[in-house]
2 protein chains.
Amino acid sequence: MDAEPPKPTNAELEILTVLWSIGPATVREVYSVISRRRPAQYSTVLKFMQIMAEKGLVRRDEKQRAHVYEAARSREWTQRQLAGDLMERAFSGSAKALLVGALSARKTSKAELAELRKLLDEYRKGQK
Amino acid sequence: MDAEPPKPTNAELEILTVLWSIGPATVREVYSVISRRRPAQYSTVLKFMQIMAEKGLVRRDEKQRAHVYEAARSREWTQRQLAGDLMERAFSGSAKALLVGALSARKTSKAELAELRKLLDEYRKGQK
DNA sequence: ATCTTACTAGTAAAGTTTTCGTACATGGAC
DNA sequence: GTCCATGTACGAAAACTTTACTAGTAAGAT
């Protein structure tokens with residue numbers, strides 16, 4: 001098994017989000033998505049993706065001239081790391097406290113509350 | 001109204017956690033709590049607390065020779081910021097996805113699931 | 001009054017993250 | 001074959017984070 005990649009930084013997470021969304025992609029493709037949202041330089045995105053390859057956050061296929069990058073870990077795996085890390089650092093490991101924080105951060109619709117409840121039901125079943 | 005302090009860094013969050021726990025305290029008091037957990041220098045803790053005062057993360061009472069520091073924002077307020085920030089950046093704003101991440105990050109007891117469910121019930125009532 | 005202890009402030013250095021300019025290479029158009 | 005567009009690699013600098021040393025000062029003990 002590969003060594004675990006480190007927790008992605010903010011900028012790295014943004015790039016991973018694009019890769020998860022559009023799948024394996026070249027720097028140009030990632031850059032074009034990001035630059036639609038905010039000012040960014042191609043060479044900055046390139047540099048990040050090179051660093052991420054070194055760190056093991058992405059895999060790089062160099063067969064083509066324009067290298068193709070792919071997230072090394074799934075969105076779910078990474079989300080688990082990030083949620084677990086924040087839960088430990090800021091919420092004393094309490095999922096409840098984390099959920100309170102999330103819910104109070106913005107308005108939550110009834111539909112969303114219902115979904116959350118359903119999620120807990122499924123979790124309970126899976127555990128029993 | 002004061003300007004909002006920035007999101008605390010890791011080291012800053014550790015210090016805030018101590019302040020929330022023991023209340024307004026001197027550098028020495030915070031240091032003694034932290035150094036029980038891990039190697040740390042007094043002057044490092046001092047420096048952080050000075051920086052945090054500049055950033056507005058803590059308030060400082062200089063009436064005594066040993067200045068007394070106090071978290072400028074409540075634990076709940078800060079947790080809301082942090083949870084909201086991560087939810088946006090890594091979970092597309094979905095509380096459900098964040099909860100999935102948190103629950104899958106570690107074993108969750110039945111008691112905790114029950115607590116979470118109760119929390120949602122209360123939330124629903126509060127909204128209706 | 002002097003000594004010692006405890007505290008703050010200032011300085012600095014190392015590490016990490018973020019940003020971007022530029023050089024060089026390669027593939028395709030002509 | 002030469003030229004141009006599009007890539008990657010490299011280097012470097014700015015900003016932020018983390019750490020720690022040291023000078024100076026003030027309070028309390030003797």
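Quick caveat: nothing in here was measured; it's all calculated off a predicted structure. Naming: A, B, ... by sequence-line order, numbering from 1 per chain.
No donor-acceptor pair under 3.5 Å is formed between the side chain of S21(A) and the backbone N or O of T17(A). Here the side chain of R80(B) pairs no donor or acceptor atom with the backbone of R75(B) at under 3.5 angstrom. For the pair W20(B) (side chain) and R73(B) (backbone), a donor-acceptor distance under 3.5 Å is present.
For E12(A), the salt bridge (charged side-chain N to carboxylate O under 4.0 Å, His left out) partners are K55(A), not counting sequence neighbours. Y31(B) pairs by the ring-ring contact (aromatic ring centres under 6.0 Å, His included) definition with Y42(B), not counting sequence neighbours.
In this structure, CG of N10(B) is placed 10 Å from P of dT19(D), rounded to the nearest angstrom. What separates CZ of R65(A) from P of dA5(D) is a distance of 13 Å, to the nearest Å. Residue H67(A) contributes atom NE2, which lies 17 Å from atom P of dT6(D) at whole-angstrom precision. Atom NZ of K63(B) and atom C1' of dA27(D) are 19 Å apart (whole Å). Taking atom CD on E62(B) and atom C1' on dT25(D), their separation rounds to 15 Å, with Å as the unit.
Put simply, R28(A) has no side-chain N or O that comes within less than 4.0 Å of OP1 or OP2 on dT6(D). An OP1 or OP2 oxygen of dA9(C) is reached within less than 4.0 angstrom by a side-chain nitrogen or oxygen of R60(B).
A heavy atom closer than 4.0 Å to some atom of DNA chain C occurs in L46(B), K47(B), Q50(B), these being the qualifying members of residues 46-55 of chain B. Contacts of residues 36-44 of chain B with DNA chain C (heavy atom under 4.0 Å): Y42(B). Taking a 4.0 Å limit (strictly below) on heavy-atom distances, residues 12-21 of chain A does not reach DNA chain C anywhere.
A salt bridge links E14(A) with R38(A); the closest basic N to acidic carboxylate O contact falls under 4.0 Å. With salt bridges taken as basic N to acidic carboxylate O contacts below 4.0 Å, one links D85(A) and R89(A). A salt bridge links E112(A) and R106(A); the closest N-O separation between the charged side-chain nitrogens and carboxylate oxygens is under 4.0 Å.
Residues K96(A) and L116(B) approach most closely at CA-CD2, 3.6 Å, considering heavy atoms.
Within 6.0 Å of CD in E62(B) there are more than 12 heavy atoms belonging to other residues, nucleotides or ligands. Within a 6.0 Å radius of CD in E122(B), more than 12 heavy atoms belonging to other residues, nucleotides or ligands are found.
Annotation: the terminal axes of the helix from dA1(C)-dT30(D) to dC30(C)-dG1(D) meet at 10°, where each axis is the rotation carrying the C1' atoms of four end pairs onto the next four (5 pairs per end, rounded to 10°).
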